[in-house]
Amino acid sequence: MHFKLEATDLQSSARAATITTDHGIIETPIFMPVGTVGTVKGVHQRELREDINPDIILGNTYHLYLRPQTPVLEKAGGLHKFMNWDRNILTDSGGYQVYSLSANRKIKEEGVKFKSHIDGSYHVFTPENVMEIQRTIGADIIMAFDECTPYPCEYNYAKRSMHMTHRWLDRCIKHLEKTPLKYDYGQTFFPIVQGSTYKDLRRQSAEYIASVGAEGNAIGGLSVGEPADEMYEMTAVVTEILPKEKPRYLMGVGTPVNILENIALGIDMFDCVMPTRNGRNGMLFTSEGIINIKNKKWEADLSVIDPMGITWVDTEYSKAYLRHLFTVNEMLGRQIATIHNLGFYLWLVREARKHILAGDFTEWKNGMVKKLDQRL
Ligand code: GUN
(Lines give C-alpha, C1' and ligand atoms only; values in the text may rest on other atoms or scores of the structure.)
Protein backbone atom coordinates (compact mmCIF):
# COMPACT_ATOMS: atom_id res chain seq x y z
CA MET A 1 0.00 0.00 0.00
CA HIS A 2 1.20 3.48 -0.81
CA PHE A 3 -0.10 6.72 0.74
CA LYS A 4 0.54 10.04 -0.97
CA LEU A 5 -0.43 13.31 0.68
CA GLU A 6 -1.50 15.79 -1.99
CA ALA A 7 -2.69 18.85 -0.09
CA THR A 8 -3.32 20.07 3.46
CA ASP A 9 -5.84 22.79 4.27
CA LEU A 10 -4.32 25.92 5.79
CA GLN A 11 -7.20 26.74 8.15
CA SER A 12 -7.85 23.20 9.40
CA SER A 13 -6.16 19.79 9.49
CA ALA A 14 -8.06 18.52 6.42
CA ARG A 15 -5.99 16.64 3.86
CA ALA A 16 -6.40 15.26 0.35
CA ALA A 17 -4.40 12.15 -0.47
CA THR A 18 -4.33 8.93 -2.46
CA ILE A 19 -4.00 5.38 -1.19
CA THR A 20 -2.80 2.89 -3.79
CA THR A 21 -3.29 -0.86 -3.33
CA ASP A 22 -3.28 -3.84 -5.70
CA HIS A 23 -7.00 -3.18 -6.29
CA GLY A 24 -6.54 0.42 -7.38
CA ILE A 25 -6.37 3.99 -6.16
CA ILE A 26 -8.49 5.38 -3.33
CA GLU A 27 -8.84 9.16 -3.42
CA THR A 28 -9.30 10.60 0.06
CA PRO A 29 -11.22 11.82 1.96
CA ILE A 30 -13.33 8.74 1.18
CA PHE A 31 -16.61 7.34 2.40
CA MET A 32 -16.75 3.52 2.22
CA PRO A 33 -20.26 2.11 1.65
CA VAL A 34 -20.99 -0.73 4.07
CA GLY A 35 -21.37 -4.14 2.44
CA THR A 36 -21.76 -6.12 5.64
CA VAL A 37 -22.37 -9.59 4.31
CA GLY A 38 -20.95 -9.37 0.78
CA THR A 39 -23.49 -6.90 -0.63
CA VAL A 40 -24.15 -3.22 -0.24
CA LYS A 41 -27.79 -3.85 0.63
CA GLY A 42 -30.18 -3.12 -2.21
CA VAL A 43 -27.55 -2.06 -4.76
CA HIS A 44 -26.17 -4.38 -7.37
CA GLN A 45 -22.52 -4.25 -8.29
CA ARG A 46 -23.12 -2.59 -11.66
CA GLU A 47 -25.00 0.30 -10.01
CA LEU A 48 -22.40 0.47 -7.29
CA ARG A 49 -19.57 0.73 -9.82
CA GLU A 50 -21.22 2.98 -12.36
CA ASP A 51 -23.64 5.18 -10.42
CA ILE A 52 -22.14 5.46 -6.94
CA ASN A 53 -18.56 4.73 -7.95
CA PRO A 54 -16.70 4.30 -4.64
CA ASP A 55 -13.02 3.29 -4.73
CA ILE A 56 -13.54 1.01 -1.71
CA ILE A 57 -16.33 -0.73 0.20
CA LEU A 58 -16.51 -2.40 3.59
CA GLY A 59 -17.19 -5.99 4.63
CA ASN A 60 -17.59 -7.53 8.09
CA THR A 61 -15.58 -10.43 9.45
CA TYR A 62 -18.30 -11.31 11.97
CA HIS A 63 -21.03 -11.68 9.36
CA LEU A 64 -18.93 -13.36 6.66
CA TYR A 65 -17.48 -15.81 9.17
CA LEU A 66 -21.02 -16.87 10.16
CA ARG A 67 -22.34 -16.86 6.58
CA PRO A 68 -21.29 -17.96 3.95
CA GLN A 69 -18.33 -19.03 6.18
CA THR A 70 -14.68 -18.96 5.26
CA PRO A 71 -14.40 -22.28 3.33
CA VAL A 72 -16.83 -20.95 0.70
CA LEU A 73 -14.93 -17.66 0.43
CA GLU A 74 -11.66 -19.53 0.12
CA LYS A 75 -13.07 -21.77 -2.62
CA ALA A 76 -14.26 -18.64 -4.49
CA GLY A 77 -10.75 -17.14 -4.29
CA GLY A 78 -11.70 -14.47 -1.75
CA LEU A 79 -14.49 -11.97 -1.25
CA HIS A 80 -13.66 -9.84 -4.33
CA LYS A 81 -14.32 -12.77 -6.66
CA PHE A 82 -17.20 -14.17 -4.62
CA MET A 83 -19.15 -10.90 -4.78
CA ASN A 84 -17.90 -9.66 -8.18
CA TRP A 85 -16.17 -6.51 -6.92
CA ASP A 86 -12.72 -5.81 -8.34
CA ARG A 87 -12.01 -2.58 -6.47
CA ASN A 88 -10.82 -2.22 -2.88
CA ILE A 89 -12.42 -3.86 0.14
CA LEU A 90 -11.75 -3.24 3.84
CA THR A 91 -12.96 -5.72 6.44
CA ASP A 92 -13.77 -4.79 10.00
CA SER A 93 -12.48 -7.34 12.49
CA GLY A 94 -15.66 -8.23 14.34
CA GLY A 95 -14.42 -6.18 17.29
CA TYR A 96 -17.58 -4.11 17.04
CA GLN A 97 -20.24 -6.56 15.82
CA VAL A 98 -19.43 -9.07 18.57
CA TYR A 99 -20.40 -6.42 21.10
CA SER A 100 -23.33 -4.89 19.24
CA LEU A 101 -25.03 -7.98 17.80
CA SER A 102 -24.34 -11.16 19.68
CA ALA A 103 -25.93 -12.04 22.97
CA ASN A 104 -24.14 -13.70 25.90
CA ARG A 105 -20.65 -12.64 24.93
CA LYS A 106 -17.83 -13.26 27.41
CA ILE A 107 -14.73 -11.13 27.06
CA LYS A 108 -11.52 -12.62 28.39
CA GLU A 109 -7.84 -11.98 27.82
CA GLU A 110 -7.74 -14.94 25.42
CA GLY A 111 -10.59 -13.59 23.27
CA VAL A 112 -14.38 -13.30 23.07
CA LYS A 113 -16.82 -16.16 23.28
CA PHE A 114 -20.09 -15.17 21.65
CA LYS A 115 -23.44 -16.52 20.61
CA SER A 116 -24.39 -16.14 16.95
CA HIS A 117 -27.31 -13.76 16.35
CA ILE A 118 -28.46 -16.16 13.61
CA ASP A 119 -28.78 -19.59 15.23
CA GLY A 120 -27.56 -19.16 18.79
CA SER A 121 -24.46 -21.30 18.22
CA TYR A 122 -21.31 -20.49 20.23
CA HIS A 123 -18.09 -19.24 18.67
CA VAL A 124 -14.79 -17.78 19.84
CA PHE A 125 -12.91 -14.87 18.27
CA THR A 126 -9.29 -14.38 19.25
CA PRO A 127 -6.78 -11.93 17.78
CA GLU A 128 -5.18 -14.94 16.07
CA ASN A 129 -8.21 -16.54 14.44
CA VAL A 130 -9.61 -13.16 13.37
CA MET A 131 -6.36 -12.51 11.46
CA GLU A 132 -6.68 -15.90 9.76
CA ILE A 133 -10.32 -15.28 8.88
CA GLN A 134 -9.40 -11.90 7.39
CA ARG A 135 -6.59 -13.49 5.38
CA THR A 136 -9.19 -15.87 3.92
CA ILE A 137 -11.80 -13.21 3.24
CA GLY A 138 -8.98 -11.43 1.43
CA ALA A 139 -9.79 -7.72 1.86
CA ASP A 140 -7.14 -5.18 0.87
CA ILE A 141 -7.23 -3.53 4.30
CA ILE A 142 -7.80 -5.64 7.41
CA MET A 143 -8.44 -4.44 10.94
CA ALA A 144 -7.03 -5.35 14.35
CA PHE A 145 -9.26 -7.24 16.79
CA ASP A 146 -10.26 -4.77 19.49
CA GLU A 147 -12.88 -4.07 22.12
CA CYS A 148 -15.20 -1.18 21.28
CA THR A 149 -16.28 0.23 24.65
CA PRO A 150 -19.86 1.47 25.09
CA TYR A 151 -20.89 5.02 26.03
CA PRO A 152 -20.85 6.00 28.78
CA CYS A 153 -17.97 3.88 30.00
CA GLU A 154 -16.52 3.98 33.49
CA TYR A 155 -12.88 5.20 33.51
CA ASN A 156 -11.33 2.08 35.00
CA TYR A 157 -13.17 -0.20 32.57
CA ALA A 158 -12.09 1.97 29.62
CA LYS A 159 -8.49 1.88 30.82
CA ARG A 160 -8.38 -1.89 31.34
CA SER A 161 -10.11 -2.47 28.02
CA MET A 162 -7.71 -0.17 26.16
CA HIS A 163 -4.71 -2.04 27.56
CA MET A 164 -6.27 -5.35 26.52
CA THR A 165 -6.89 -3.96 23.01
CA HIS A 166 -3.17 -3.04 22.92
CA ARG A 167 -2.13 -6.55 24.02
CA TRP A 168 -4.51 -8.01 21.42
CA LEU A 169 -2.85 -5.76 18.84
CA ASP A 170 0.55 -7.25 19.63
CA ARG A 171 -0.95 -10.73 19.18
CA CYS A 172 -2.57 -9.72 15.86
CA ILE A 173 0.76 -8.45 14.52
CA LYS A 174 2.70 -11.48 15.71
CA HIS A 175 0.19 -13.86 14.19
CA LEU A 176 -0.09 -12.01 10.89
CA GLU A 177 3.67 -12.26 10.45
CA LYS A 178 3.37 -16.03 10.36
CA THR A 179 0.12 -16.22 8.39
CA PRO A 180 0.89 -16.05 4.66
CA LEU A 181 -1.29 -14.21 2.16
CA LYS A 182 -3.91 -16.45 0.58
CA TYR A 183 -4.22 -14.72 -2.78
CA ASP A 184 -1.98 -12.97 -5.31
CA TYR A 185 -2.35 -9.42 -3.95
CA GLY A 186 -1.24 -7.63 -0.80
CA GLN A 187 -3.10 -6.88 2.43
CA THR A 188 -2.55 -3.91 4.73
CA PHE A 189 -3.21 -4.06 8.45
CA PHE A 190 -4.65 -1.13 10.47
CA PRO A 191 -4.56 -1.03 14.32
CA ILE A 192 -7.35 0.76 16.22
CA VAL A 193 -7.13 3.49 18.88
CA GLN A 194 -9.56 3.10 21.80
CA GLY A 195 -9.86 4.92 25.16
CA SER A 196 -13.55 5.86 25.30
CA THR A 197 -14.15 9.58 25.95
CA TYR A 198 -11.09 10.14 28.17
CA LYS A 199 -8.44 12.41 26.69
CA ASP A 200 -5.55 10.90 28.66
CA LEU A 201 -6.51 7.38 27.57
CA ARG A 202 -6.99 8.49 23.95
CA ARG A 203 -3.50 10.07 24.01
CA GLN A 204 -1.97 6.97 25.51
CA SER A 205 -3.72 4.73 23.00
CA ALA A 206 -2.79 6.91 20.01
CA GLU A 207 0.85 6.86 21.12
CA TYR A 208 0.83 3.11 21.46
CA ILE A 209 -0.91 2.60 18.11
CA ALA A 210 1.51 5.00 16.38
CA SER A 211 4.47 3.15 17.91
CA VAL A 212 3.70 -0.14 16.16
CA GLY A 213 4.39 1.54 12.80
CA ALA A 214 1.46 0.16 10.79
CA GLU A 215 0.80 1.50 7.28
CA GLY A 216 -2.48 3.13 8.37
CA ASN A 217 -4.32 3.77 11.63
CA ALA A 218 -7.92 3.73 12.79
CA ILE A 219 -9.93 5.33 15.58
CA GLY A 220 -12.67 3.23 17.16
CA GLY A 221 -15.06 3.53 20.08
CA LEU A 222 -16.69 6.74 18.81
CA SER A 223 -20.19 7.43 17.45
CA VAL A 224 -21.52 5.08 20.14
CA GLY A 225 -23.92 7.59 21.68
CA GLU A 226 -21.62 10.37 22.90
CA PRO A 227 -22.44 14.00 22.01
CA ALA A 228 -20.86 15.14 18.73
CA ASP A 229 -18.63 17.67 20.50
CA GLU A 230 -17.10 14.93 22.61
CA MET A 231 -16.45 12.87 19.48
CA TYR A 232 -14.67 15.82 17.82
CA GLU A 233 -12.61 16.42 20.95
CA MET A 234 -11.41 12.80 20.93
CA THR A 235 -10.64 12.87 17.20
CA ALA A 236 -8.65 16.07 17.65
CA VAL A 237 -6.58 14.60 20.50
CA VAL A 238 -5.82 11.46 18.47
CA THR A 239 -5.06 13.07 15.09
CA GLU A 240 -2.49 15.30 16.85
CA ILE A 241 -0.56 12.14 17.64
CA LEU A 242 -1.14 9.72 14.74
CA PRO A 243 1.48 10.16 12.00
CA LYS A 244 0.60 12.62 9.25
CA GLU A 245 2.13 10.51 6.50
CA LYS A 246 -0.29 7.61 7.01
CA PRO A 247 -4.04 7.28 6.41
CA ARG A 248 -6.43 7.78 9.34
CA TYR A 249 -9.75 5.96 9.44
CA LEU A 250 -12.57 6.97 11.80
CA MET A 251 -14.75 3.89 12.23
CA GLY A 252 -18.54 3.99 12.08
CA VAL A 253 -18.94 7.76 11.53
CA GLY A 254 -21.41 9.26 10.79
CA THR A 255 -23.87 11.96 9.67
CA PRO A 256 -22.83 14.24 6.78
CA VAL A 257 -21.98 16.97 9.31
CA ASN A 258 -19.92 14.54 11.45
CA ILE A 259 -17.98 13.57 8.33
CA LEU A 260 -17.18 17.17 7.34
CA GLU A 261 -16.14 18.14 10.89
CA ASN A 262 -13.89 15.09 11.18
CA ILE A 263 -12.34 15.73 7.76
CA ALA A 264 -11.43 19.16 9.17
CA LEU A 265 -9.69 17.36 12.06
CA GLY A 266 -7.53 15.28 9.72
CA ILE A 267 -9.53 12.10 9.06
CA ASP A 268 -9.17 10.46 5.63
CA MET A 269 -11.54 7.47 5.70
CA PHE A 270 -15.09 6.88 6.97
CA ASP A 271 -17.75 4.18 6.96
CA CYS A 272 -21.27 4.15 8.35
CA VAL A 273 -24.53 2.26 7.87
CA MET A 274 -26.45 5.54 7.97
CA PRO A 275 -26.92 6.21 4.22
CA THR A 276 -27.97 2.61 3.56
CA ARG A 277 -29.89 1.76 6.76
CA ASN A 278 -31.64 5.11 7.11
CA GLY A 279 -32.32 5.10 3.38
CA ARG A 280 -34.17 1.79 3.72
CA ASN A 281 -36.25 3.48 6.42
CA GLY A 282 -37.13 6.41 4.17
CA MET A 283 -34.62 9.01 5.37
CA LEU A 284 -32.94 10.89 2.53
CA PHE A 285 -29.87 13.12 2.79
CA THR A 286 -30.20 15.74 0.06
CA SER A 287 -28.50 18.93 -1.08
CA GLU A 288 -31.44 20.84 0.45
CA GLY A 289 -31.50 19.04 3.83
CA ILE A 290 -32.91 15.87 5.38
CA ILE A 291 -36.21 14.41 4.12
CA ASN A 292 -38.43 11.75 5.67
CA ILE A 293 -39.99 10.51 2.45
CA LYS A 294 -42.72 8.61 4.34
CA ASN A 295 -44.12 11.93 5.54
CA LYS A 296 -47.62 12.80 4.22
CA LYS A 297 -46.17 16.15 3.18
CA TRP A 298 -44.68 14.50 0.06
CA GLU A 299 -47.86 12.66 -0.98
CA ALA A 300 -48.51 14.81 -4.06
CA ASP A 301 -45.16 16.58 -4.42
CA LEU A 302 -44.09 15.84 -7.98
CA SER A 303 -40.76 17.66 -7.69
CA VAL A 304 -37.63 15.54 -8.21
CA ILE A 305 -35.94 13.78 -5.28
CA ASP A 306 -32.90 16.09 -5.35
CA PRO A 307 -32.55 18.85 -7.96
CA MET A 308 -28.76 18.68 -7.69
CA GLY A 309 -28.96 15.35 -9.55
CA ILE A 310 -25.88 13.54 -8.25
CA THR A 311 -27.15 10.11 -9.29
CA TRP A 312 -29.70 9.44 -12.02
CA VAL A 313 -32.41 8.44 -9.53
CA ASP A 314 -32.39 12.00 -8.14
CA THR A 315 -33.96 13.55 -11.22
CA GLU A 316 -35.83 10.62 -12.77
CA TYR A 317 -38.22 10.00 -9.86
CA SER A 318 -40.48 12.40 -7.99
CA LYS A 319 -40.79 12.65 -4.23
CA ALA A 320 -44.46 11.60 -4.51
CA TYR A 321 -43.56 8.44 -6.46
CA LEU A 322 -40.82 7.49 -4.01
CA ARG A 323 -43.20 8.11 -1.09
CA HIS A 324 -45.77 5.90 -2.79
CA LEU A 325 -43.22 3.07 -3.13
CA PHE A 326 -42.52 3.30 0.61
CA THR A 327 -46.25 3.44 1.42
CA VAL A 328 -46.96 0.24 -0.52
CA ASN A 329 -43.71 -1.30 0.79
CA GLU A 330 -42.18 -1.96 -2.62
CA MET A 331 -38.49 -2.89 -2.59
CA LEU A 332 -37.76 -0.42 -5.42
CA GLY A 333 -38.37 2.42 -2.95
CA ARG A 334 -35.62 1.14 -0.66
CA GLN A 335 -33.30 0.65 -3.65
CA ILE A 336 -33.84 4.20 -4.96
CA ALA A 337 -33.35 5.71 -1.50
CA THR A 338 -30.13 3.73 -1.00
CA ILE A 339 -28.65 4.74 -4.37
CA HIS A 340 -29.56 8.35 -3.69
CA ASN A 341 -28.05 8.43 -0.18
CA LEU A 342 -24.82 6.68 -1.14
CA GLY A 343 -24.52 8.97 -4.17
CA PHE A 344 -24.94 11.92 -1.81
CA TYR A 345 -22.32 10.70 0.69
CA LEU A 346 -19.80 10.03 -2.09
CA TRP A 347 -20.54 13.45 -3.61
CA LEU A 348 -19.94 15.08 -0.23
CA VAL A 349 -16.47 13.59 0.28
CA ARG A 350 -15.50 14.26 -3.35
CA GLU A 351 -16.54 17.91 -2.96
CA ALA A 352 -14.55 18.08 0.28
CA ARG A 353 -11.52 16.74 -1.60
CA LYS A 354 -11.98 19.28 -4.41
CA HIS A 355 -12.14 22.14 -1.91
CA ILE A 356 -9.08 20.91 0.01
CA LEU A 357 -7.17 20.81 -3.27
CA ALA A 358 -8.51 24.26 -4.25
CA GLY A 359 -7.58 25.74 -0.84
CA ASP A 360 -11.06 26.87 0.26
CA PHE A 361 -12.20 23.84 2.28
CA THR A 362 -12.96 25.56 5.59
CA GLU A 363 -15.16 28.25 4.07
CA TRP A 364 -17.04 25.66 2.00
CA LYS A 365 -17.39 23.29 4.98
CA ASN A 366 -18.80 25.98 7.26
CA GLY A 367 -21.44 26.85 4.65
CA MET A 368 -22.35 23.18 4.04
CA VAL A 369 -22.68 22.32 7.73
CA LYS A 370 -25.43 24.94 8.12
CA LYS A 371 -27.42 23.46 5.24
CA LEU A 372 -26.98 19.73 5.87
CA ASP A 373 -28.75 19.52 9.22
CA GLN A 374 -31.93 21.24 8.00
CA ARG A 375 -35.04 19.05 8.12
CA LEU A 376 -37.39 19.61 5.22
N1 GUN B 1 -16.80 0.20 14.03
C2 GUN B 1 -17.21 1.30 14.69
N3 GUN B 1 -16.51 1.45 15.83
C4 GUN B 1 -15.65 0.42 15.89
C5 GUN B 1 -14.65 0.02 16.86
O6 GUN B 1 -14.43 0.65 17.88
N7 GUN B 1 -13.97 -1.13 16.58
C8 GUN B 1 -14.19 -1.86 15.44
N9 GUN B 1 -13.48 -2.97 15.22
N10 GUN B 1 -15.11 -1.49 14.55
C11 GUN B 1 -15.83 -0.38 14.76
Side-chain angles (χ1 to χ4, degrees), residues 30-37 56-65 89-102 105 107 111-112 114 125-131 133-134 137 139 141-153 157-169 171-173 176 188-198 201-202 205-206 208-209 214 216-226 228 230-232 234-235 237-239 242 247-255 258-259 262 267-277:
I30 182 73
F31 178 79
M32 305 181 278
V34 175
T36 304
V37 69
I56 178 168
I57 62 170
L58 198 104
N60 281 117
T61 299
Y62 172 89
H63 291 91
L64 294 165
Y65 159 82
I89 301 177
L90 178 151
T91 42
D92 195 0
S93 58
Y96 179 78
Q97 284 72 32
V98 154
Y99 309 107
S100 63
L101 287 177
S102 72
R105 63 197 180 269
I107 307 165
V112 182
F114 63 95
F125 271 172
T126 64
E128 289 80 14
N129 73 5
V130 165
M131 292 305 105
I133 298 164
Q134 289 191 96
I137 296 171
I141 301 175
I142 63 177
M143 302 302 301
F145 189 56
D146 60 333
E147 181 184 3
C148 175
T149 47
Y151 179 85
C153 182
Y157 186 93
K159 186 174 172 183
R160 271 201 313 275
S161 167
M162 176 197 77
H163 285 301
M164 188 182 68
T165 286
H166 295 171
R167 289 189 298 274
W168 282 2
L169 171 59
R171 284 167 57 190
C172 288
I173 293 170
L176 264 186
T188 303
F189 170 80
F190 281 21
I192 305 172
V193 173
Q194 291 289 345
S196 186
T197 45
Y198 303 103
L201 296 184
R202 285 282 169 185
S205 189
Y208 191 80
I209 269 41
N217 298 296
I219 307 172
L222 292 176
S223 209
V224 288
E226 76 284 2
E230 233 174 311
M231 179 206 310
Y232 303 146
M234 295 304 123
T235 310
V237 164
V238 172
T239 51
L242 292 180
R248 300 170 180 147
Y249 164 28
L250 180 57
M251 309 187 79
V253 173
T255 66
N258 293 158
I259 288 177
N262 282 298
I267 299 293
D268 309 300
M269 303 163 72
F270 299 89
D271 79 282
C272 189
V273 294
M274 205 172 253
T276 38
R277 182 178 295 164

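Count residues from 1 along the sequence. Indexing begins at 1, ligand by ligand and atom by atom, following the structure's order.
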Quick check on contacts: which atoms of ligand 1 are under 4.0 angstrom from a heavy atom of [X]?
X    : answer
C148 : 5 (C), 6 (O)
G220 : 5 (C), 6 (O)
S93  : 9 (N)
I192 : 9 (N)

Between [X] (side chain) and [Y] (backbone), is there a donor-acceptor pair under 3.5 Å?
X    : Y    : answer
T239 : T235 : yes
D268 : R248 : yes
T91  : I142 : no
Q134 : M143 : yes
T188 : I141 : no
N129 : T126 : yes

Handout entry: Residue selection (non-hydrogen contact nearest atom 11 (C) of ligand 1) among Y96, Y99, F145
Key =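 Ranked by closest heavy atom to atom 11 (C) of ligand 1, first place is Y96.
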
Exercise for the section: Verify the ring-centre separation between F114 and Y62: is it less than 6.0 angstrom? Expected result: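 Yes, the ring of Y62 comes within the 6.0 Å limit of the ring of F114, centre to centre.
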
Problem - Proximity to ligand 1 by part of L222, non-hydrogen separation under 4.0 Å - result: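 For L222, no heavy atom sits under 4.0 Å from ligand 1.
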
Handout entry: Location of contacts on V224 toward ligand 1, heavy atoms closer than 4.0 Å
Key =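 The answer is neither; V224 stays 4.0 Å or more away.
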
Practice task
Measure the distance from atom 7 (N) of ligand 1 to every protein heavy atom, then report the residue, atom name and distance (to 0.1 Å) of the closest one.
Solution key: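 It is D146 OD2, 2.7 Å.
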
Handout entry: Residue, atom name and distance, where the atom is the protein heavy atom closest to atom 10 (N) of ligand 1
Key =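 That would be D92 OD2, 2.6 Å.
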
Handout entry: Heavy atom of Q194, distance to ligand 1 below 4.0 Å
Key =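 Under 4.0 Å: yes for Q194.
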
Practice task
Answer yes or no: are there more than 12 heavy-atom neighbours, outside R167 itself, under 6.0 Å from its atom CZ?
Solution key: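 Count over threshold, so yes.
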
Problem - N/O separation below 3.5 Å, G221 to ligand 1 - result: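 By distance alone, the answer is yes.
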
